[in-house]
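Structure first, commentary second.
In what follows, residues are counted from 1 in the order of the sequence shown. In each ligand, atom 1 is the first atom listed, and ligand 1 is the first ligand listed.
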Amino acid sequence: MASNYRFSFGPWNISEGADPFGPPVRPTIEFGKKLAAYKRLGFEGVQLHDDDAVPNVDQKSAAELQREAAALKSLLEGEGLVPEFVAPRLWEDPRGVDGGYTSNDPQARQWAIDRTKRAIDIAAALGTKLMVLWLAREGTYIRESKNAIQAYGWQLEAVNALLAHHPEIQLAIEPKPNEPMDQAYVPTIGHALALAYRSADPARVGGLIETAHARLAGLDPSDEMAFALAAGKLWSVHLNDQNGLKFDQDKSFGAADLRGAYNQVRILELADYAGTRRFVGLDVKTMRTQKADVAEKHLANSKAIFLRLVEKVRSFPRQVEQQCIAARDYEALELAVLEHLMGK
Ligand code: XUL
Ligand code: MN
């Protein structure tokens, strides 16, 4: 049953529509109202940045963090929702201007680790073991500004410090090759898993693959997923879409490359990802043109397309596939896939 997948998104996926060239075009929707959208749209999991969960994280005492996270835990439980993960939002703080774990400033590096430890405390208080690390500013605008070898060392030290902070926390690294930086230190899942295996506890470091990020690296998202799946390390996904090499678009799933979307669903089906009970996360942005009353359609549509593609994968004629593979007639296989996607 296609319905055995569990879906999640983050509150940032319902946004005001601001972009680098223009102001917000939609009113701010308060967090409580966004929670209502989860149920309305059939989503169970809530992805959270640390400051989505507890605003002004850095200014709060440990007791305040616990109290506010506990209040959110009850709020989510009351709504029948599950916190999927917490992710430290290091990139918006002035101290993280040149990176967090890999900043040239030792005070900034220490702040980044301390802030992430707070995010881990929030995750523990919410009752989730999963932390996502999108390493936003861990990289450079110009290569000469950092010693990359040293930066890789600092990144590993940070991962080890986080693992030591909580015995059960699991770190899912979300690779992205660029934006906001010119070049990121962890551009692909291969880089992320190399870091995982070099860490003090490789079993607790895995990955999250985002469609658009893989495309920006010039890679196929389904193969990136397969690489993590083969190692048992695909701990979440951020499905969306991306139209070529430009800014990170976070388009609705399947909107730019329907066949690529089909292949991502196919790989998740081949691995019985639904059976792992891990979430299918949608990191999608609606278009800036959308008026407030229709600014949730990107989420509903992405989920609907995912479920349609699950049906497409499951109904693909296996016999045809086997015959084409046995005959090494991949042109025939290609036509069969295209016709199947077009509904013939
Ligand atoms: C940035 C991105 C983030 C992460 C979570 O491109 O995808 O939203 O998914 O920090
Ligand atoms: Mn993402």
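Looking at Asp248 against ligand 1, only its side chain comes within 4.0 Å, counting heavy atoms. Under 4.0 angstrom from ligand 1, the non-hydrogen atoms of Glu210 all belong to its side chain.
Remark: distances from the non-hydrogen atoms of Trp91 to ligand 1 include one below 4.0 Å. Taking 4.0 Å as the cut-off, His49 counts as a neighbour of ligand 1 on heavy-atom distance. For Arg89, the closest heavy-atom approach to ligand 1 does not fall below 4.0 Å.
Nearest protein heavy-atom neighbour of atom 4 (C) of ligand 1: Glu174 OE1, 3.1 Å.
Geometrically, Lys233 engages Tyr197 in a cation-pi contact, judged by NZ or CZ lying under 6.0 Å from the ring centre and within 45° of the ring axis.
Here the rule is side chain to side chain contact (heavy atoms under 4.5 Å, CB included) with Leu133, and of Leu195, Leu90, Leu162 only Leu162 fits it. For the side chain to side chain donor-acceptor pair (under 3.5 Å) with Asp121, the qualifying choice from His165, His166, Gln66 is His165, the only one to do so. Remark: of the listed residues Asp257, Asn243, Asn240, Asp257 is the sole one forming a side chain to side chain donor-acceptor pair (under 3.5 Å) with Arg215.
Checking only distances, Lys176 does come within under 3.5 Å of ligand 1, N or O to N or O. At least one N or O atom of Asp283 sits closer than 3.5 Å to an N or O atom of ligand 1.
For the Mn ion (ligand 2), the nearest N, O or S atom contributed by His238 is named ND1. Considering just the N/O/S atoms of Glu174, the one nearest the Mn ion (ligand 2) carries the name OE2.
Residue His238 has at least one heavy-atom neighbour below 4.0 Å for each of these atoms of ligand 1: 9 (O).
Checked against the 6.0 Å centroid criterion, the rings of Tyr38 and Phe9 qualify as a close aromatic pair. Taking the six-membered ring where the residue is Trp, the centroids of Trp91 and His49 are separated by under 6.0 Å.
Put simply, the angle at the Mn ion (ligand 2) from OD2 in Asp283 to OE1 in Glu210 is close to 90°, to the nearest 10°.
More than 12 non-hydrogen atoms from other residues, nucleotides or ligands lie less than 6.0 angstrom from CD of Gln59.
The aromatic rings of Phe306 and Phe7 lie perpendicular to each other, with more than 60° between the two planes, well past the 30° mark.
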